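One-based numbering, in listed order, for ligands and for the atoms of each. Fair warning: this is a prediction, and the values are worked out from it, not measured in the lab. The basis for the numbers below is simple: all heavy atoms, side chains too, and nothing from hydrogens, waters or symmetry mates.
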Amino acid sequence: MKKLFINIKELIQIRDASISKVSGAEMGILPTIKNAFLLIENDLILDFGKMSTLSKNEVDELIDCQGKMIVPTWCDSHTHIVYAGNREGEFSDKIKGLSYEEIAKKGGGILNSAKKLRETTEDELYNQASKRIEEIIEFGTGAVEIKSGYGLTVDTEVKMLRVIKKLQLNFPIKIKATFLGAHAFPLKYQNDKKAYIDLIINEMLPKIAKEKLADFVDVFCEKGYFTVKQTDRILQAAKSYGLIPKIHVNQFNSIGGVKIGVKNESLSVDHLEVITNEDIEALKNHSTMPVALPSCSFFLGIPYTPARKIIDANLPLALASDYNPGSTPSGNMNFVVSTACIKMKMTPEEAINAATINGAYAMDIQQTHGSITIGKKASFNITKEIPSYTFIPYSFGNNLIENTYLNGKLMKFKD
Ligand code: NIG
Ligand code: FE
């Protein structure tokens, strides 16, 4: 089945297959073709170029994109979208002035979600997460990473990962799974933290590895959560089971998590709202992708990741949503891209690169996603009629995506 998209006002993020991420000044360059065509066959990109170079083609479907642009689907490399219920009660507490840490101390936070999740059946959890998957596809996301971490027992962590597996089987969006048993210490282990880490290492990890339920491992390395030493121990154990680290670091404090992430060859280090010069140095000359989560900063009212400092140090940067019930109840990557421009002073080119090719790298799917490249998945968004791609971050709060194709198929949510 061949589909030909013609008269594309601008075809955005065209890349050679050899490009796996962009760093530093390269992030400011977004390669495009004006007045372009795009040819796909089944689930893959077959060809693209200027309309003037289009040769006669026998196709099954012809789609005229006059006035519209095509951009690869967003690659959201950090979410927690499998969760039970919501935490809007904490929202009111937050408005009244309580901090994220104070809400957690009051019995809210991650442990609140863990309690709700334990009381929710696997089917119900799946139904709730399915709605969020549909929602993010509507916002133009074509690949997403999803973490466990609201179970915090062997059975409930496995329950979450099974839900992710079922989502992988039933939805056309590309999904990568991360085991985040080290998200918080359950109440019963507050006075014996070593015992919970032993449980993660001796019981959770072997079971998850045996059932092949996760690609990555994550730890919330932060004051009051997991220390650098505990993080190191968990990452090393997880690596011995073939799980690749992707960790939460520097959300509130810089305690050495970046260094330990890099030492353990983490695919990404995420959050980085607080980042020291030492952290920047640690990231240089390594393959670890720094990931910023501006919607989380927006919602919690905490500092934004200093993107300029990171990019100007010649490092790469990816953008993700962090969609979760506590710190970011939104998976809208259009808003993430806008916020990165408005609040983090990233240029539209940098933000789009960060949310596509660099996001794909942060999920280890850069071979198949993140750019318009011959042989990659035909997963892209067709915009409404817009004057320029800058209009995407500029018109914040709007969804300018008219249609989304995942693996060559038109998503029908909009009808
Ligand atoms: O990335 N910081 C840790 N984890 C999530 C929040 C989890 C929650 O509050 O439920 C985050 O912000
Ligand atoms: Fe997170």
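- Put simply, the side chain of Leu125 reaches to within 4.5 Å of the side chain of Leu117, judged on heavy atoms.
- Note that Lys188 lies outside the cation-pi zone of Tyr196, set by a 6.0 Å cut-off to the ring centre and a 45° limit from the axis.
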**OP:** Evaluate the side-chain hydrogen bond (donor to acceptor under 3.5 Å, both in side chains) criterion for residues Lys309 and Asn277: first the C-alpha distance (whole Å), next the side-chain angles of each, then the deciding distance (0.1 Å), finally the verdict.
**Re:** CA-CA 9 Å; Lys309 194 168 169 175; Asn277 291 339; 3.2 Å; yes

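- Salt-bridge check for Lys259 with Glu278: passed, with a basic side-chain N closer than 4.0 Å to an acidic carboxylate O.
- When each of Tyr150, Tyr225, Phe226 is paired with His183, the ring-ring contact (aromatic ring centres under 6.0 Å, His included) condition holds for Tyr150 and for no other.
- The set of protein atoms (N, O or S) found at less than 2.8 Å from the Fe ion (ligand 2) reads His78 NE2, His80 NE2, His248 NE2, Asp322 OD1, by chain and number.
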Hey, what polar pairs (N/O, under 3.5 Å) does ligand 1 make with protein?
residue: ligand 1; atom: 1 (O); partner: His248; partner atom: NE2; Å: 3.0
residue: ligand 1; atom: 1 (O); partner: His271; partner atom: NE2; Å: 2.8
residue: ligand 1; atom: 1 (O); partner: Asp322; partner atom: OD1; Å: 3.0
residue: ligand 1; atom: 1 (O); partner: Asp322; partner atom: OD2; Å: 2.8
residue: ligand 1; atom: 2 (N); partner: Gln251; partner atom: OE1; Å: 2.6
residue: ligand 1; atom: 4 (N); partner: His183; partner atom: NE2; Å: 2.8
residue: ligand 1; atom: 9 (O); partner: Arg87; partner atom: NH2; Å: 2.8
residue: ligand 1; atom: 9 (O); partner: Tyr100; partner atom: OH; Å: 2.5
residue: ligand 1; atom: 10 (O); partner: Arg87; partner atom: NH1; Å: 2.9
residue: ligand 1; atom: 10 (O); partner: Arg87; partner atom: NH2; Å: 3.2
residue: ligand 1; atom: 10 (O); partner: Tyr150; partner atom: OH; Å: 2.6
residue: ligand 1; atom: 12 (O); partner: Gln251; partner atom: NE2; Å: 3.4
residue: ligand 1; atom: 12 (O); partner: Asp322; partner atom: OD2; Å: 3.0
residue: ligand 1; atom: 12 (O); partner: Ser327; partner atom: OG; Å: 2.6

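- When each of Gln13, Lys376, Arg15 is checked for a side chain to side chain donor-acceptor pair (under 3.5 Å) with Ser371, only Lys376 meets the rule.
- Judged by distance alone, the side chain of Thr79 and the main-chain N or O of Glu145 form a donor-acceptor pair under 3.5 Å.
- With sequence neighbours excluded, no residue satisfies ring-ring contact (aromatic ring centres under 6.0 Å, His included) with Tyr304.
- A search for ring-ring contact (aromatic ring centres under 6.0 Å, His included) contacts involving His369 returns nothing, not counting sequence neighbours.
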